[in-house]
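Everything below concerns the one structure shown next.
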Protein chains: 4
Amino acid sequence: MSKDKIIRAAIEVFSENGYHRASMDEIALRAQVAKGTLYYNFPGKSQLFKTIVKEGFENIMQRTQADLNAPLPIKEQILRIIRHHLDLFLESRHFSHIVFNELSNGIEQDVLEELKQLRREHLHFLASILETAKCEENLLRDVDANLAAASIIGTLESTCNYYLSHPNAYSRDDLERYVFTIITQGLFISID
Amino acid sequence: MSKDKIIRAAIEVFSENGYHRASMDEIALRAQVAKGTLYYNFPGKSQLFKTIVKEGFENIMQRTQADLNAPLPIKEQILRIIRHHLDLFLESRHFSHIVFNELSNGIEQDVLEELKQLRREHLHFLASILETAKCEENLLRDVDANLAAASIIGTLESTCNYYLSHPNAYSRDDLERYVFTIITQGLFISID
Amino acid sequence: MSKDKIIRAAIEVFSENGYHRASMDEIALRAQVAKGTLYYNFPGKSQLFKTIVKEGFENIMQRTQADLNAPLPIKEQILRIIRHHLDLFLESRHFSHIVFNELSNGIEQDVLEELKQLRREHLHFLASILETAKCEENLLRDVDANLAAASIIGTLESTCNYYLSHPNAYSRDDLERYVFTIITQGLFISID
Amino acid sequence: MSKDKIIRAAIEVFSENGYHRASMDEIALRAQVAKGTLYYNFPGKSQLFKTIVKEGFENIMQRTQADLNAPLPIKEQILRIIRHHLDLFLESRHFSHIVFNELSNGIEQDVLEELKQLRREHLHFLASILETAKCEENLLRDVDANLAAASIIGTLESTCNYYLSHPNAYSRDDLERYVFTIITQGLFISID
DNA sequence: CATGAATGAGAGTTCATTCAT
DNA sequence: CATGAATGAACTCTCATTCAT
């Protein structure tokens, strides 16, 4: 089906070039459809972009949620959150960069607003997991859950970035462990 | 002098619109110089952008360095690092976003390479401060200093972002304290 | 039947948007048929347009003719011509604008030629009524009947236009009377 | 100068093709400038069109006004109005068609509104000449001056149209005389 | 030093038309 | 009879860059 081919191609092209340098011509070429077919299936470039980002957010939230269904200690929950996000970040580096960072300027105002909303929802999704854990287990430091969630995302994004430009510095497992340590040792209550 | 006027205007325009939506016309207009003057002073758009990002990095590194000249405990050093970065992030939100995030795709390859190098240098600058502290004071957890630095930057960037879209949630001082807690409680050794 | 639905929808859309801005998509949407159905029933956009214009001309000529079947004094005949044209012009303003004015440029050459022919026929139809009256009653000034007919159409078109953009200036009846006066006092012989 | 070349070319192209079929490429080609030069000098297609129509209206109003400076009997004034409009209509047939008819649909709403305003001003200009004459000389029939002006324009437009498609029917002088008769015998008071 | 008119490659988008079903 | 997904040529418009002055 054309729609799927287009989305697959668009992910590629947006990932490789960023929103602005990605051209509809290139996407059509990559999807092996005519340019008009893009506009038959999507209202325009920004809407196509939105669709993709939306799917990305939903994808990672679903994957995370599915894995947290069973009752798990918060430590394990955070580990899994980190693992899923690392999967996304490392498997499709540019795509995740788009999802988490390219939402700043230079996109049509209305679509931008929707995308920011999506990002907020993702953050609240993580925050709610933390909040639940904080209440139930009393293991988390008394920090605003939203800020904590923001910190997790920022740390993941930034460390992955570093990891990817230093491919031989440590293994994927090391990275996971390091990040877990950095995050949790600040989130778990410790005797000072 | 024209060069200064151009740089000031360019910071504004790049900040407000991102790299691609910023136009040389707009920059010339804001700088109150003719379009040709831009090309008299800078080889092109990407070079102008590079100049600005470079100045941004140098600025924050200088400000931080200057404040760390006196011998200070690591806790105080980190607090000051956070404070300077919050200053930069909150005072010129979009500019810092450019500096820390817009360096991904869609910029001319050669300039992009230089910018990534700058970002690496900034990260290493922070990492070296941490490294020194780790050796001298043995207060820091045994985590790769570069990853720790990346985590700090990511956390700052991400939490500021949240803070700015929820202006009334907490005060600037609260934010500073929260971020400090999140970062340090993971970086300082604690008895588990 | 699809054909009728299409024609009704097409009249609406052409009227509201003019030939070029009217899109086949919009017509199909309004007619509640699939786009392909348009091309099943009509060879293309210009032919569909031609069909509509043709029906418009035939409609007004029939209405006028029907009303002039009984032998009437020329004064009454002209009044009825005016009345029928005002009906058409005022009831479906844009449609009549299309019929009388949009036949100039920018339509496929072959269809355009046919449409101009239709306009000529309409003009000759009016002219023949005037000509008959001139011979039989000797009440009309010695002016070329075709020019006189052209003048009537031009006056109707132009005054309706004015009337429609000044809705409260005079009543429909006033307009009819004024136009009648303007036209006839130039067409009837008067002692100078 | 580029601006002049563009306007000259645009008049040609708009006249030959109507607003929608006229392409900016064609105008640039005809003007022997690059496409970008069009947009350097005019904000867009509709604005370019507006400029041209505006100049057309101003041109004919100026020419007419200049010729009516000396105090003339109304009969002579109307003759001159007719003459100037015939000049415009016959010399640049398509241009005048644009000016007087292509202002209906399918042009950007804001520009369309301005153009309609121009047409209204032109009509009021003619109406004011008639009004003055009516008051001063008491020679004009008691018909609303605006409708009378509309009638003149409509008659001129429509008869010229006919004249141009029947080039050999009568001479330009005949046309002028006929039109003058048609118009004035309805405007001058006559004993019925 | 500085200008700004001019450029042209390339972008996003529209839409009449086709054709396999 | 009717459909609607797919097409691709043509369109308007943007903008970094150049160069004669």
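Lettering of chains follows the sequences in order, A, B, ..., and the numbering in each one begins at 1. Atom set for the values below is all heavy atoms of this structure, side chains included, hydrogens, waters and symmetry mates excluded. The model shown is predicted, which means the values in this text are computed figures rather than measured ones.
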Could you check how far [atom1] of [X] sits from [atom2] of [N], rounded to whole Å?
| X | N | atom1 | atom2 | answer |
| --- | --- | --- | --- | --- |
| D/Leu29 | F/dC11 | CG | C1' | 15 Å |
| C/Arg21 | E/dA16 | CZ | P | 12 Å |
| A/Asp25 | E/dA11 | CG | C1' | 8 Å |
| C/Ile6 | F/dG4 | CD1 | C1' | 14 Å |
| C/Tyr19 | E/dT14 | OH | P | 19 Å |
| B/Phe49 | F/dA16 | CZ | P | 13 Å |
| A/His20 | F/dA16 | NE2 | C1' | 15 Å |
| C/Leu48 | E/dC15 | CG | P | 16 Å |

Using heavy-atom distances to pick each residue's nearest nucleotide on DNA chain E, tell me which of C/Gly44 and A/Gly44 is more 5'.
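So the residue in question is A/Gly44.
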
Using 30° and 60° as the class limits, which term best fits the ring planes of C/Phe57 and C/His122: parallel, tilted or perpendicular?
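Tilted, since the angle between the ring planes falls between 30° and 60°.
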
From D/Lys35, D/Lys45, D/Arg30, residue fulfilling salt bridge (Lys or Arg N to Asp or Glu O under 4.0 Å) relative to D/Asp25:
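Only one of D/Lys35, D/Lys45, D/Arg30 forms a salt bridge (Lys or Arg N to Asp or Glu O under 4.0 Å) with D/Asp25, namely D/Lys35.
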
Taking atom CD of C/Glu113 and atom NZ of C/Lys50, what is their separation to the nearest 0.5 Å?
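The CD atom of C/Glu113 sits 12.0 Å away from the NZ atom of C/Lys50.
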
Minimum-distance nucleotide (side-chain atoms of [X] versus [options]):
| X | options | answer |
| --- | --- | --- |
| B/Tyr40 | E/dT3, E/dT13, E/dT7 | E/dT3 |
| C/Lys35 | F/dA16, F/dT12, E/dA16 | E/dA16 |
| D/Ser2 | E/dT3, E/dT17, E/dA6 | E/dA6 |
| B/Ala34 | F/dA16, F/dA6, E/dG4 | E/dG4 |
| C/Tyr39 | E/dA16, E/dA6, F/dG4 | E/dA16 |

Reading DNA chain F from 5' onward, which residue's closest nucleotide shows up sooner: C/Leu38 or B/Pro43?
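That would be C/Leu38.
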
Take C/Asn41 and D/Met24, find for each the nucleotide of DNA chain F with the closest heavy atom, and name the residue whose nucleotide sits nearer the 5' end.
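Nearer the 5' end of the strand: C/Asn41.
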
Tell me which nucleotide, if any, is Watson-Crick or G-U wobble paired with E/dT17 when both distances must be under 3.5 Å.
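In the structure as shown, E/dT17 has F/dA6 as its Watson-Crick or wobble partner.
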
Checking base pairs now: Watson-Crick or wobble, both atom distances under 3.5 Å. What partners F/dC1?
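Base partner found: none.
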
Do A/Phe14 and A/Leu48 make a side-chain contact, defined as non-hydrogen atoms from C-beta onward lying under 4.5 Å apart?
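They are in contact (side-chain heavy atoms under 4.5 Å apart), so the answer is yes.
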
Does some side-chain heavy atom of C/Asn161 sit less than 4.5 Å from a side-chain heavy atom of D/Arg119?
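Yes, close enough: below the 4.5 Å cut-off.
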
Considering every strand and a 4.0 Å limit on heavy-atom distances, what is the contact class for [X]: base, sugar-phosphate, or nothing?
| X | answer |
| --- | --- |
| A/Lys45 | sugar-phosphate |
| B/Thr37 | base |
| A/Gly36 | base |
| C/Ala22 | sugar-phosphate |

Test: C/Lys3 cationic atom under 6.0 Å from C/Tyr40 six-membered ring centre, within 45° of axis
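No.
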
Taking the C1' atom of each, how far is F/dT21 from E/dC1, in whole Å?
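So the two C1' atoms sit 13 Å from each other.
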
